[in-house]
**Student:** 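A single structure is presented below for examination.
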2 protein chains.
Amino acid sequence: MNQKNNKELILQSALELFYEKGYEGVGVQEIATRAGVTKPTLYYYFKSKYGLLESLLETKYPAILDALDEAERTSDSFSDKLLKVASEYIRVALNDKQFFYIMLGLQYSPRQSEGHRAIESYNHRMFDLFTQIFEKQNVYLGNMNGRQEQFAIGFMGILNYYILVYYERNQDDNLPVVTDAEIFSLVHQFMHGIFS
Amino acid sequence: MNQKNNKELILQSALELFYEKGYEGVGVQEIATRAGVTKPTLYYYFKSKYGLLESLLETKYPAILDALDEAERTSDSFSDKLLKVASEYIRVALNDKQFFYIMLGLQYSPRQSEGHRAIESYNHRMFDLFTQIFEKQNVYLGNMNGRQEQFAIGFMGILNYYILVYYERNQDDNLPVVTDAEIFSLVHQFMHGIFS
DNA sequence: CATTTTATATACCGATTGGTATACTGTTAT
DNA sequence: ATAACAGTATACCAATCGGTATATAAAATG
């Protein structure tokens, strides 16, 4: 109903402002004001600014990991796996642009910063998930022995940078769809290189 | 000589602190203190905190672009080009870790933030440089028509993410060398995919 | 009905933020 | 010798930082 849920209003406000100005660049007062509450209300639900960031990550990140995990499990062939995971990854990046951009930003924030500490464990889980795609495949194919992690790096690197450039070029918040053909092209390039 | 050059001391201090805490996460006072000067001295050389960031980028970024440009120009075959550019890119990332990490971080910082504004034009130049590798090649090969930018994205994405993971795994500041074989493997994967 | 719990606001805290007005020093140029 | 200038420090500014002590109102619980 329309009864106001201040906790969610605060989370939504934090999502928007962390996206617009970054975790360090925004003040607690500003988050509270945009949510239409006062600071003590914010501190009632979240014990600190860092706790607010943690809550935000915990609210959204696990669902993303689950969706990617499902995409990985419910695909049969190796190329289908890559395609489904890439599609899901890009879908999340478009549907949840603000959160995804925050994720990317925290990943590249200084290692001793609070932001990096908050995202660290999620990053590892994400990386492990991508690595597993190639680990499992290794049972059937012998040729990627010992290079599973390099492949994961390459795959994630391509996807992340593709998304970053995509954001940069569509600064209005009405994002055009990424067609299946484009995603296929990306995955195909990753699998078979650039000469084809 | 040992006469102190405060301007360079400040730039060095800013380099270290932006690396450790990020542009937003560090205060002007802290930069001045570490440099062994007072705030007005800092403001004498740099008109603002943002100006200090601009100076830092202008001090280091052009040389990197030049080095990459030279690597691109002084190579003959296409694969040699990719290899030389990748080698130079990784070399910079290892030799100038602090600056390179700042670059990466600014790239993923919020678009309306000062940090992003400061790095924006350099980013475009870097991207154009990578795109040109494939543009030029297009004269000789027809098959990458219209996909030059996608290739640039893939190539940069792989390199950047490789470097990020490399940093993450070698948190001590004494970085192990990246062998030519590893770089070759990365480039080879980019060119020919993962099945070989 | 009384009491506890949940949820909120007013008003404040010391510390730090980016930035500056002013004065002083040492060197250089006239 | 003196005037100009480059370089630096003391001391300050209003604004904002993350966070809290205290009071209060409403709702749930006994």
Side-chain angles (χ1 to χ4, degrees), chain A residues 1-57 59 102 105-106 109-110 112-119, chain B residues 1-57 59 102 106 109-110 112-118:
Chain A
M1 298 299 290
N2 254 358
Q3 71 178 14
K4 66 175 189 172
N5 184 338
N6 281 339
K7 188 174 180 182
E8 288 207 358
L9 286 175
I10 294 166
L11 281 170
Q12 176 62 29
S13 167
L15 177 72
E16 294 171 12
L17 284 165
F18 289 163
Y19 166 72
E20 292 170 17
K21 307 184 171 189
Y23 175 72
E24 301 273 2
V26 80
V28 176
Q29 178 66 63
E30 196 176 0
I31 297 171
T33 301
R34 180 175 296 200
V37 302
T38 56
K39 261 199 299 179
T41 300
L42 188 154
Y43 277 94
Y44 173 76
Y45 291 110
F46 312 95
K47 67 178 179 188
S48 66
K49 187 188 180 187
Y50 182 71
L52 174 55
L53 177 60
E54 280 185 319
S55 289
L56 188 62
L57 295 180
T59 302
I102 292 170
L106 293 177
S109 64
Q112 10 177 323
S113 68
E114 289 187 346
H116 193 272
R117 221 177 65 221
I119 203 80
Chain B
M1 299 299 287
N2 253 358
Q3 69 178 16
K4 66 177 187 172
N5 184 338
N6 281 337
K7 189 174 181 184
E8 287 208 357
L9 286 175
I10 293 166
L11 280 171
Q12 175 63 28
S13 168
L15 177 71
E16 293 171 12
L17 284 165
F18 289 162
Y19 166 72
E20 291 169 19
K21 307 185 170 186
Y23 174 72
E24 301 273 2
V26 80
V28 177
Q29 178 65 65
E30 196 176 358
I31 296 171
T33 300
R34 180 175 295 201
V37 302
T38 56
K39 264 201 295 179
T41 298
L42 188 153
Y43 278 93
Y44 173 77
Y45 290 110
F46 312 95
K47 67 180 180 189
S48 65
K49 187 188 179 187
Y50 181 72
L52 174 54
L53 177 60
E54 281 184 319
S55 288
L56 189 59
L57 294 179
T59 301
I102 292 170
L106 292 177
S109 63
Q112 2 177 330
S113 68
E114 289 186 348
H116 192 273
R117 221 177 66 222

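Convention: sequence-line order gives letters A, B, ...; per-chain numbering from 1.
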**Student:** Is the shortest side-chain heavy-atom distance between A/L57 and A/L106 below 4.5 Å?
**Tutor:**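 Side-chain contact under 4.5 Å: yes.
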**Student:** Mind listing the closest non-hydrogen atom pair of A/G115 and A/S109 along with its distance?
**Tutor:**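 What the structure gives for the nearest pair is C-OG, 4.0 Å.
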**Student:** Under the side chain to side chain contact (heavy atoms under 4.5 Å, CB included) rule, what do A/I119 and A/L53 come out as? Steps first, then yes or no, please.
**Tutor:** CA-CA 9 Å; A/I119 203 80; A/L53 177 60; over 6 Å; no
**Student:** Among residues at least two apart in sequence or on other chains, which ones pass side-chain hydrogen bond (donor to acceptor under 3.5 Å, both in side chains) with A/E24?
**Tutor:**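 A/E24: no side-chain hydrogen bond (donor to acceptor under 3.5 Å, both in side chains) contacts found.
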**Student:** Measure from CZ on B/F46 to P on C/dG18 and round the result to the nearest Å.
**Tutor:**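 The answer, rounded to whole Å, is 15 Å.
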**Student:** Show me the pairs that pass salt bridge (charged side-chain N to carboxylate O under 4.0 Å, His left out) and involve residues 44-55 of chain B, at least two apart or across chains.
**Tutor:**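 Applying salt bridge (charged side-chain N to carboxylate O under 4.0 Å, His left out) to every pair that reaches into residues 44-55 of chain B, excluding sequence neighbours, yields nothing.
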**Student:** Can you pull out how bent the helix from C/dC1-D/dG30 to C/dT30-D/dA1 is, comparing the axes over its first five and last five pairs, to 10°?
**Tutor:**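 One end axis against the other gives 0°.
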**Student:** Output the rounded distance in Å from CG (A/N5) to P (C/dA7).
**Tutor:**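 In whole Å, C/dA7 P and A/N5 CG are 9 Å from each other.
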**Student:** With a cut-off of less than 4.0 Å, is there a side-chain N or O of A/N6 near OP1 or OP2 of C/dA7?
**Tutor:**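 Looking at the OP1 and OP2 atoms of C/dA7, neither is under 4.0 Å from any side-chain N or O of A/N6.
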**Student:** Under 3.5 Å, which donor-acceptor pairs link side chains of residues 35-44 of chain B to any protein atom two or more places apart or in another chain?
**Tutor:**
none

**Student:** Which residues pass the side-chain hydrogen bond (donor to acceptor under 3.5 Å, both in side chains) test with A/Q112, sequence neighbours left out?
**Tutor:**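 For A/Q112, no residue satisfies side-chain hydrogen bond (donor to acceptor under 3.5 Å, both in side chains) once neighbours in sequence are set aside.
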**Student:** Taking distance alone, no hydrogens or angles, what donor-acceptor pairs closer than 3.5 Å link side-chain atoms of residues 6-14 of chain A to residues at least two apart or in another chain?
**Tutor:**
unit_1	atom_1	unit_2	atom_2	d
A/Q12	NE2	A/E16	OE2	3.0
A/S13	OG	A/I31	O	2.8

**Student:** What are the bounds, 5' to 3', of the part of DNA chain D that sits under 4.0 Å from heavy atoms of chain B?
**Tutor:**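 In short, chain B contacts DNA chain D from D/dA6 to D/dT10.
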**Student:** Please name all residues satisfying side-chain hydrogen bond (donor to acceptor under 3.5 Å, both in side chains) with A/T33, sequence neighbours left out, ordered by chain then number.
**Tutor:**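 So A/T33 forms a side-chain hydrogen bond (donor to acceptor under 3.5 Å, both in side chains) with A/Q29.
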**Student:** Could you work out, with ring pair (Phe, Tyr, Trp, His ring centres under 6.0 Å) as the rule, every residue matching B/Y19, not counting sequence neighbours?
**Tutor:**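 Partners of B/Y19 by the ring pair (Phe, Tyr, Trp, His ring centres under 6.0 Å) criterion, ordered by chain and then number, come out as B/Y101.
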**Student:** Can you build the contact string for nucleotides 19-28 of chain C? Use B for base contact, S for sugar-phosphate-only contact, and - for no protein heavy atom under 4.0 Å.
**Tutor:** BBB-------
